[in-house]
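Reading through the structure tokens given below for one structure.
When a residue number appears, it is its place in the shown sequence, counting from 1. Just so you know, these numbers use all the heavy atoms, side chains as well, and skip hydrogens, waters and symmetry mates. Please read all numbers here as calculations on a predicted model, not as lab measurements.
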Amino acid sequence: MTAEALTAPALSHGRLVPVTVHFDDLDALGLLHNARYPLMVERAWAQLWQEHGFHFEGDWAAAGDACNAVKELRISYEAPVTKPGAYAVHLWLERLGNTGLTYGFRFCSADGAVTYAHGSRVLVRLDAGTLRPAPWSEGFRAAGRELLRPAG
């Protein structure tokens, strides 16, 4: 981790989803525990996809696009979060393939200006019966296209 957090440019793509760091999310040193970052990112994605009508309610066969698995997770910690309070997760898609996708994320200040951690995660859509890769639905793909990071 660096002594200073990275300053981010204005939000030009994706979504900023509010999250809350609670006292019990901090470790013995008073820092946000490293395992909490991916958990908060996951919760932010679940909230965002639920807003688009995609969610898991306990039935994998009925889950559709919510039936997916993580293939890869990368995270880099830039500056420590040292207190509870309001923060945000900036979410976007880097790639939207036929059966997989790569999303980017930043754990940041509530206004998105300060980055504490950033990374990416690869997901694969699964067929609930075979657990083999399956194509995303057109509805999911349409929602995903809205989150794609502009090429450039």
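- Annotation: side chain of Glu78 is in contact with side chain of His118 (closest heavy-atom distance under 4.5 Å).
- Proximity of Pro84 to Asp25: side-chain heavy atoms (C-beta onward) are nowhere separated by under 4.5 Å.
- Side-chain atoms of His33 come within 3.5 Å of backbone atoms of Ala35 as a donor-acceptor pair (strictly under, hydrogens ignored).
- The shortest heavy-atom contact between Ala63 and Phe56 is CB-CD1, 3.7 Å.
- Looking at every heavy atom in both residues, Arg141 comes nearest to Gly97 through NH1-O, 2.7 Å.
- At distances below 3.5 Å, not a single donor-acceptor pair connects side-chain atoms of Arg106 with backbone N or O atoms of Leu16.
- The shortest heavy-atom contact between Ala128 and Cys67 is CA-SG, 4.0 Å.
- Considering all non-hydrogen atoms of both residues, Ala88 and Ala110 come closest at CB-O, 3.9 Å.
- The aromatic ring centres of His13 and His90 sit less than 6.0 Å apart.
- The side-chain hydrogen bond (donor to acceptor under 3.5 Å, both in side chains) check on Asp127 picks up Thr130, with sequence neighbours excluded.
- With contacts defined as side-chain heavy-atom distances shorter than 4.5 Å, the pair Val70/Val122 does not qualify.
- In this structure, the side chains of Tyr103 and Val41 come closer than 4.5 Å at one or more pairs of heavy atoms.
- Of all heavy-atom pairs spanning Trp45 and Gly104, the tightest one is CZ2-O, 4.4 Å.
- The two atoms that bring Leu126 and Ala134 nearest to each other are C-CB, 3.9 Å, heavy atoms only.
- Between Phe140 and Trp49, a ring centre-to-centre spacing shorter than 6.0 Å is recorded.
- Side-chain atoms of Tyr77 come within 3.5 Å of backbone atoms of Asn34 as a donor-acceptor pair (strictly under, hydrogens ignored).
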Counting only pairs under 3.5 Å, give me each side-chain donor-acceptor contact of residues 144-152, with atom names and distances, residues two or more places apart or in other chains.
from	atom 1	to	atom 2	distance (Å)
Arg145	NH2	Glu138	OE2	2.6
Arg149	NH1	Glu94	OE2	3.0

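- Using a 4.5 Å heavy-atom cutoff, the side chains of Tyr37 and Val89 are not in contact.
- Formation of a donor-acceptor pair under 3.5 Å by the Trp136 side chain with backbone atoms of Gly100 is found in this model.
- With contacts defined as side-chain heavy-atom distances shorter than 4.5 Å, the pair Arg36/Val81 does not qualify.
- By the 6.0 Å contact criterion, CZ on Arg74 is open, its count of non-hydrogen atoms from other residues, nucleotides or ligands being 12 or less.
- In this structure the side chain of Leu32 never reaches within 4.5 angstrom of the side chain of Tyr87, judged on heavy atoms.
- For the residue pair Glu57/His55, the side-chain donor-acceptor check at 3.5 Å is satisfied.
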